[in-house]
Amino acid sequence: MIELNEVNLARSLPRLQQRFPDLVVDSVVSAMTQTDELIQAVASAQGISLTEAREEMRDFLYLESLREELTA
């Protein structure tokens, strides 16, 4: 799985909020560096299982890594 440290989370926050509208994007989320913590927050906010949240984050991080490559 692509790790958060491979993606600039600060630049990704608006897209993260758009993809997961019930996730509260604040300093707590922006300071998260552990993927498992963010997955748990997404699952809780969206009312989905951890497995579903993990798959959603995998997709999100993959797309963000592609965006990073294109802008580099």
Side-chain angles (χ1 to χ4, degrees):
M1 181 172 177
I2 298 167
E3 295 296 323
L4 287 175
N5 61 0
E6 297 175 34
V7 173
N8 185 330
L9 189 56
R11 286 196 302 234
S12 299
L13 282 176
R15 290 181 293 280
L16 185 68
Q17 180 66 47
Q18 183 178 12
R19 181 144 182 183
F20 307 109
D22 294 329
L23 181 66
V24 176
V25 178
D26 59 10
S27 60
V28 173
V29 171
S30 62
M32 286 183 182
T33 57
Q34 297 297 318
T35 305
D36 289 339
E37 292 173 357
L38 185 54
I39 288 170
Q40 188 171 9
V42 167
S44 177
Q46 299 301 116
I48 59 178
S49 71
L50 287 175
T51 302
E52 291 170 315
R54 191 172 288 110
E55 290 298 319
E56 288 290 331
M57 282 305 300
R58 183 176 293 136
D59 291 345
F60 177 78
L61 292 173
Y62 176 70
L63 292 173
E64 289 301 303
S65 71
L66 291 177
R67 186 183 314 275
E68 292 282 327
E69 285 182 31
L70 290 173
T71 58

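- Closest of all the heavy-atom pairs between Leu50 and Ala43 is CD2-CB, 3.8 Å.
- Contact record, Leu23 with Gln46: N-OE1, 3.6 Å, taken as the closest heavy-atom pair.
- Gln40 CD: 12 or fewer foreign heavy atoms inside a 6.0 Å radius.
- The salt bridge (charged side-chain N to carboxylate O under 4.0 Å, His left out) test applied to Glu55 returns Arg58, not counting sequence neighbours.
- Residues passing the side-chain hydrogen bond (donor to acceptor under 3.5 Å, both in side chains) test with Ser49 are Glu52, sequence neighbours excluded.
- Taken from CG in Leu38 to CE in Met57, the straight-line distance is 4.0 Å, to the nearest 0.5 Å.
- Here CD1 of Ile39 is found 9.5 Å from OG1 of Thr51. Values are rounded to the nearest 0.5 Å.
- In this structure a side-chain-to-backbone donor-acceptor pair under 3.5 Å is present from Thr71 to Glu68.
- In this structure, the side chains of Arg19 and Asp59 come closer than 4.5 Å at one or more pairs of heavy atoms.
- Distance check, rounded to the nearest 0.5 Å: CG of Asp22 to CD of Gln17 gives 8.5 Å.
- Remark: Arg67 pairs with Arg15, Glu64 by the side-chain contact (heavy atoms from CB on, under 4.5 Å) rule, at least two apart or across chains.
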